[in-house]
Amino acid sequence: MHWADVLADELLKENKKHILATGITPSGPIHIGNMREILTTDAVYRCLLSKGGDAELIYVADDFDHLRKVYPYLPNSYDKYVGMPISDIPCPCGNHKSYADHYLISFLNALKEIGVKPKIYRANEMYKSGNYNDAIQIALENTNKIKEIIQKISKRELPKDWIPFNVKCDKCGRITSTKATLYEYPFIEYICDCGNSGEVDIKNGGVGKLPWRVDWPARWKMLNVTFEPFGKDLGTVGGARDTGKEIVEKIYDYPAPKYAVYEFIMLKGMGAMHSSKGTALSAEELLNMTPPEVLRFLITNNQPDKHLVFDSGLGLLNLVDEYDKLERVYFEKEEAIKGMKDLKKTYELSQPYDIPKTFPFQLPYRHLVTLIQIGQEWNEVKKILLRTKQIPKDLTKDEENHLKQRTEHASYWLDKFAPDMVKFEVKKKVPKIDLTEEQVKFLSSFIKKLSSIDWEAENVHNAIYDSSQKDNIPIKTAFKSIYQIILGQEKGPRAGYFLSNLDKEFVIKRLKEAIK
RNA sequence: GGGCCUGUAGCUCAGCUAGGUAGAGCAUCUGGCUUUUAACCAGGUGGCCAAGGGUUCGAAUCCCUUCAGGCCCGCCA
């Protein structure tokens, strides 16, 4: 059984409405690992629905969380915002409502592309509108119990005057620098490091925030959460999950949600980029270079507790190939290989939107990577494909959109991540090269040969061999000459296919110019 | 110190949530092909499933122990 079905069955033992939650703090570019959280939850959600369960998928953005420090990608001037809720901080680019929105919006757009449609909650709105008020009051009334729970389970010593609430200073706006001096419902008196002191009324929303270890369980109760996965960093003994379970059950009188712990996604082949420079692969980049169904496949094909290595180099092409193979097996165009597990479910869960009813037209992704370097954009690529009869004339709109989308991903990948060995550029003019006598001889026969053939890959391929043999020129030299003249480099894609994808007249004209 | 994951062919891994003949890709070898962006086609070689014990008619698969590696936690969230 597929892992998502196993989790769904577990939930279905309780016959009630299930709220499946994901929560990510938009304090920086949304990370590749966060993709796993949302796709893991979505997979369970879909399984629940397909089994007839009543379920809702929600996403809580904790945008009331405070800025921890000035991250490397922020200007130094952000120093003054450290400690303030990220929804109160101005947007780094100036085009969004707040710092939080800046990162949140791009993530929400990404969700659309991978076909995840959760109900969105924003913590800052929940606090400000007063949704949290009851939870805050209950927490404050149970300060000692909560303190004991946290100290016992996390083995951490809390300050004597600790209360489960961080007041936001009404002068400097920070929630990290205040200290409560007196609580008498509904008022909290506080002093702040900035020199300010004052009093807040917790019946007014947004005057402060529950600390994380209390905020999380309070949210479970408030939103009736029944399932929420989290990364292995939170799953540790004595961590927020452990204290949260105790707090939600003892203080908020609500059963702790079921969960799954997921492993992190590592990056491969990026060398300096992720470790030394401290720049991680953002969800946005991940999505720009990976077709959405392939990204979903990466997650659904692996158990959550399995650590994944994402290879943004040539490995990405293999991943796409693997997905395409799964698709062929799903539609019975190919035999399944032994050990292919839950292939039907995996394929279905990999679809961002509707599951295709018939086998979608496939074009090898590697070939697309070559074509997009000849055609630059989809319309050009499409012309080539039609001319060379590599796609049928009656391609459906969906199939065309799918191919188009894939060329866009391939294109982004080529720009940002592809190794040089797969890159080339059809030069606008004849590159400056000194051709040997041998090469000129070969090219002359080759041009003649080309003029008389039908412009098809195999014919072109044969023409290369015929011409090189005729004058007894090494085949390596023949290939090299062609690549030099068209691409300005010594190697290139399989020559016959490659040339046949270019315009015949263009090729002949270019070759003639080169030997002039 | 604690937790999670991993250990299967030379390499990367699937198979473990159905206990029932050990699987793929790459590499290698053979044959074919007028070698071209990790070429293609057909076939072959290759494994004491980390080690030891247990459960079972039967274990890569379930349980226990040991060894080895990776990651996370032991600031804050």
Side-chain angles (χ1 to χ4, degrees), chain A residues 1-10 23-25 27 33 62 64-69 82-83 85-86 123 154-156 166 175-176 209-216 230-244 260-266 268 301-309 311 313-315 317-319 321-322 325 335-343 346 364 366-367 369-370 373 414 418-424 458 461-470 474-483 487 489-499:
Chain A
M1 207 177 5
H2 193 275
W3 58 262
D5 273 327
V6 174
L7 288 168
D9 281 350
E10 189 65 29
I24 295 160
T25 302
S27 59
D62 191 357
F64 206 50
D65 195 23
H66 65 273
L67 184 67
R68 301 264 139 59
K69 59 173 186 179
V82 172
I86 53 175
S154 76
K155 308 225 161 61
R156 187 188 309 170
N166 297 324
I175 57 174
T176 49
K209 188 178 193 298
L210 295 170
W212 167 243
R213 282 180 186 260
V214 184
D215 184 295
W216 204 18
F230 44 83
K232 63 147 53 174
D233 54 334
L234 296 178
T236 194
V237 169
R241 159 71 204 184
D242 278 359
T243 49
V261 180
Y262 58 85
E263 265 279 355
F264 294 161
I265 303 180
M266 315 287 174
K268 188 191 170 185
N301 190 39
N302 291 286
Q303 306 255 1
D305 61 10
K306 166 136 187 126
H307 106 162
L308 293 179
V309 178
D311 182 353
L314 289 172
L317 301 184
N318 286 342
L319 186 64
D321 285 349
E322 205 185 326
K325 181 173 179 74
E335 298 262 319
I337 46 179
K338 215 173 169 182
M340 243 188 184
K341 200 189 152 200
D342 302 316
L343 63 94
T346 300
R366 284 186 157 78
H367 187 48
V369 167
T370 300
Q373 295 184 81
L414 278 163
D420 289 339
M421 65 181 295
V422 299
K423 291 197 219 176
F424 65 84
E458 206 184 328
H461 182 76
N462 289 334
I464 300 171
Y465 280 96
D466 288 347
S467 309
S468 79
Q469 251 179 5
K470 194 178 135 226
I475 189 69
K476 275 200 166 165
T477 310
F479 282 113
K480 191 173 141 189
S481 316
I482 295 168
Y483 296 128
L487 305 176
Q489 58 191 49
E490 299 197 352
K491 289 196 165 190
R494 302 186 69 181
Y497 291 95
F498 172 56
L499 292 183

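Note on naming: letters A, B, ... go to the chains in the order of the sequence lines (proteins, then strands), and numbering restarts at 1 for each one. Being a predicted model, the structure only gives us computed values, none of them experimental.
- To the nearest angstrom, P of B:A38 lies 8 Å from CG of A:Leu317.
- Rounding to whole angstrom units, CG of residue A:Leu499 and P of B:U36 are separated by 13 Å.
- In this entry the distance linking CG of A:Leu234 with C1' of B:C71 reads 15 Å, nearest Å.
- Close to B:C76, at under 4.0 Å from its OP1 or OP2, lies a side-chain N or O of A:Arg156.
- Judged by atom type and distance alone, A:Arg366 reaches the base of B:A38 through a side-chain donor-acceptor pair under 3.5 Å.
- Side-chain contact check for A:His66 versus A:Asn166: every heavy-atom pair is 4.5 Å or farther apart.
- Residue A:Leu319 contributes atom CG, which lies 18 Å from atom P of B:U12 at whole-angstrom precision.
- Base pairing of B:C40: its partner is B:G32, meeting the Watson-Crick or G-U wobble criterion (both donor-acceptor distances under 3.5 Å).
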Could you run down nucleotides 1-6 of chain B 5' to 3' and tag each one B, S or - for protein heavy-atom contact under 4.0 Å?
-> -BBBS-

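- Residue A:Asn318 has its side chain nearest to B:A38 when only B:A38, B:C72, B:U36 are considered.
- Whole-Å rounding puts the A:Phe264 CZ to B:C73 C1' distance at 10 Å.
- As rounded to whole Å, 14 Å separates atom C1' of B:A14 from atom CG of A:Leu308.
- Closest-nucleotide positions on RNA chain B for A:Leu314 and A:His2 were compared, and the one nearer the 5' end corresponds to A:His2.
- We find that CG of A:Asp420 is positioned 15 Å from C1' of B:A38, with the value rounded to whole Å.
- Considering CG of A:Asn302 and OH of A:Tyr262, their distance stands at 15.5 Å, rounded to 0.5 Å.
- Counting non-hydrogen atoms under 4.0 angstrom, A:Ile475 reaches a base of the nucleic acid.
- For A:Leu487 and B:U36, the CG to P distance is 16 Å, given to the nearest whole Å.
- The phosphate of B:U36 has OP1 or OP2 within less than 4.0 Å of a side-chain N or O from A:Tyr465.
- The base-pairing partner of B:C62, taking Watson-Crick or G-U wobble contacts with both distances under 3.5 Å, is B:G54.
- Remark: B:C71 base-pairs with B:G3. Criterion, Watson-Crick or G-U wobble with two distances under 3.5 Å.
- In terms of position on RNA chain B, the residue among A:Gln489 and A:Gln469 whose nearest nucleotide sits closer to the 5' end is A:Gln469.
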